[in-house]
Amino acid sequence: MSTTTTSPTAEPTTVIGKSADYLDQRTKIGVLTKQLVRKVFPDHWSFMLGEIALFSFVVLLISGVFLAMFFDPSMALTTHHGAPATMDGQLMSVAFSSTLDMSFEVRGGLLMRQIHHWSALIFVAGIVVHMMRVFFTGAFRKPRELNWLVGTLLMILSLAAGFSGYSLPDDVLSGNGLRITDGVIKSIPIIGSYLSYFVFGGEFPGEHIIPRLFTVHILLVPALILALIGVHLFLMVLNKHTQYPGGGRTDRNVVGYPAVPAFATKMGGNFFIIFGVLALMGGTMAINNVWNYGPYDPSPVSAGAQPDWYMLFLEGSLRLMPGQAEIVTWGDYTLSLNILVPAVIIPGLLFTFLFVYPFVEAKVTGDHREHHVLDRPRNVPARTGLGVAFLTAFVILALAGSNDLIATHFALSINTITWVFRILFFVGPVFAYWITKRICLGLQRKDRELVLHGHETGRIVRFANGEYIEVHRPLDEQERWLRVNYEARQPLAIEPATDSRGVKRKGYKKDKRWQKLSRFFYEDRVEPVTPAELAAAHAHGEHDELEPAHDTPELVSGSGTVEREH
């Protein structure tokens, strides 16, 4: 008879070890931590764009907590006493006065204000550029459609956060922005005036908008952003990270580095770099000097009154719309198209495009597989062209939002500039789509040529029969794989309009519309090189015996005489 004895498990001796063991025994967090630590992340510089947005938001939270301790969101009137001298003795709101005190009386207050503002600009820019990377590489495809929707909501919330914070100082510039907002809200048919009364707590400007914006800015929007960031990161870990095409990378694996220590170290270094750059910008680059504008007064509006860059497209849209487009619809109701179209419909179309595009592309391809390897933008010409077209429209509207500055700086007619931008808004995106698609197709044809014939070496060889050829250097396996491993999708094939008995098929018209849209996407395409084409291209008889040279270009005769080119 034998007995089995179990040796006692070694107990942790350090404080950290004991704390970790205590937590693990009660939450089993050790299993989750082990899986997260061993999670593999691919390595590419473009993946840092999302981190720029994330870490800028962290800096926003840190600087925002500091600013919230000194800002008084009140619209009550007071007489300001103190710096700067130009504002001393002026009647203004408590909100504007506390902004001045924060900037000139609180130690480090102006630095924190400027860091906060620059962080907001970089935060929105990081989200936009990150979404551009996701769009052009097809990272929104199954199973990441939900994460794309979360990212789009994050972008909208970032605009709301920026606008609500930008309006808090209650200066002339931000007050004009709120006045425009009031007009946009009132342009909404039927409910516009009631909605404006609800938002402002009465007739504009009322006495409640700044306290309400303060609550939205420091509580509601940040909470939603934090929640969506958590969902975004959870879905990224759950679905695993996308990776760029390359050797050994498939939809069934991830090639990269473990989260700890490699990836975590890079993220930590990236955070401190971003924090340092934002602190440097806040300390050396002045921004939003509200004392130059003065407290809000509805009467002064001057040239050069532009919002932050992410709202310039809305400003430009309003400036380009002709003011005569105002139509009385029925009874006492007026439909103000000069505001409704540029400020509501055009942004609505933009965000609708972002929300529905992943599902439209999945429909026109008929592809329901999971995709974890990214597309090269050149291999999806229609998608790349659409992305560039929308970016072109955004840039044109943003430039139109500064048409007065362009006119004053370059001594041009503002009417001419406005008409040029009106024409460009319709012509520019179409031309951008066409030229981008042509470039993508040209790059695909260049890839085919490289795969079939290799790189030019500049070495000219003459055979005994008098034939001259240029020796090409064949692509290595990695280069060839990158250029042939893609799918040139074809337009959807649908069933005939009638069945075998000649009866009209239900749903044929709907299928026909989807087929037309599919042809728009995939009718122009370049097929990748097949193994048979590659074998035929490399069957050159005696040419195959030549080895490519990497030295100075030369002319080689069939008899062996070498004549170097100078």
Side-chain angles (χ1 to χ4, degrees), residues 124 128 152-153 155-167 172-200 203-206 209 212-213 216-217 221 296 298 301 303-329 333-356 389-406 414 417-419 421-426 428-429:
V124 181
V128 171
T152 305
L153 289 175
M155 184 179 68
I156 296 174
L157 286 174
S158 70
L159 300 181
F163 177 76
S164 59
Y166 179 80
S167 305
V172 168
L173 195 59
S174 64
N176 286 333
L178 284 175
R179 193 68 182 94
I180 294 173
T181 303
D182 178 55
V184 171
I185 295 174
K186 287 180 177 177
S187 71
I188 300 175
I190 301 177
I191 65 171
S193 57
Y194 302 101
L195 190 59
S196 172
Y197 196 90
F198 171 76
V199 170
F200 290 92
E203 288 294 333
F204 176 86
I209 186 60
R212 290 179 179 181
L213 287 176
V216 168
H217 184 69
V221 175
Y296 177 65
V301 177
Q306 277 78 27
D308 286 335
W309 73 267
Y310 48 85
M311 298 300 291
L312 264 179
F313 80 100
L314 187 61
E315 176 80 9
S317 182
L318 285 166
R319 294 188 183 193
L320 293 186
M321 188 69 183
Q324 297 84 1
E326 187 171 350
I327 303 175
V328 178
T329 53
Y333 291 100
T334 301
L335 196 62
S336 301
L337 296 181
N338 57 334
I339 300 177
L340 182 65
V341 171
V344 179
I345 295 179
I346 290 180
L349 292 175
L350 171 63
F351 292 123
T352 300
F353 171 82
L354 294 176
F355 276 116
V356 305
F390 271 83
L391 286 176
T392 302
F394 178 86
V395 171
I396 291 172
L397 291 178
L399 291 175
S402 300
N403 60 353
D404 53 345
L405 292 180
I406 296 174
I414 193 170
I417 294 172
T418 301
W419 273 106
F421 281 133
R422 284 174 180 171
I423 296 172
L424 282 178
F425 178 72
F426 294 99

Measure the shortest side-chain to side-chain distance between I339 and K186 over non-hydrogen atoms and say whether it is less than 4.5 angstrom.
-> no

Crowded around F355 CZ? As in, over 12 foreign heavy atoms under 6.0 Å?
-> yes

Check whether any side-chain heavy atom of Y310 lies under 4.5 Å from a side-chain heavy atom of M155, and answer yes or no.
-> no

Where L213 and S167 come nearest, the two heavy atoms and their spacing | CD1-CB, 3.7 Å

Would you indicate whether the side-chain heavy atoms of L320 and T418 approach each other to under 4.5 Å?
-> yes

Taking C-beta and beyond as the side chain, do P205 and L178 meet within less than 4.5 Å on heavy atoms?
-> no

Do you know the tightest heavy-atom contact between Q306 and L405?
-> OE1-CD1, 3.4 Å

Rounded to the nearest 0.5 Å, the CG atom of L337 sits from the CD1 atom of I345 at a distance of 7.0 Å

Please check if the side chain of S317 supplies one atom and the backbone of P342 the other of a donor-acceptor pair under 3.5 Å.
-> yes

Within a strict 4.5 Å, meaning less than it, do heavy atoms of the F204 and I209 side chains meet?
-> no

Taking the side chain as every heavy atom from C-beta outward, state whether R422 and P322 have any atom pair closer than 4.5 Å.
-> yes

Parallel, tilted or perpendicular for F390 and F353, by the 30°/60° rule?
-> parallel

Check: P347 and L314 side chains under 4.5 Å, non-hydrogen atoms = yes

With the side chain counted from C-beta on, respond yes when Y166 and L173 share a heavy-atom pair under 4.5 Å apart, and no when they do not.
-> yes

What do you reckon, is OH of Y197 surrounded by more than 12 foreign heavy atoms closer than 6.0 Å?
-> no

Looking at CG of L424 and CG of L399, how far apart are the two atoms once the value is rounded to the nearest 0.5 Å?
-> 9.5 Å

Between S164 and H217 the two heavy atoms that sit nearest each other are OG-ND1, 3.1 Å

Return yes when atom CZ of F351 has more than 12 non-hydrogen atoms of other residues, nucleotides or ligands closer than 6.0 Å, and no otherwise.
-> yes

Look up atom CD1 in I414 and atom CH2 in W419, then write down how far apart they are to the nearest 0.5 Å.
-> 14.0 Å

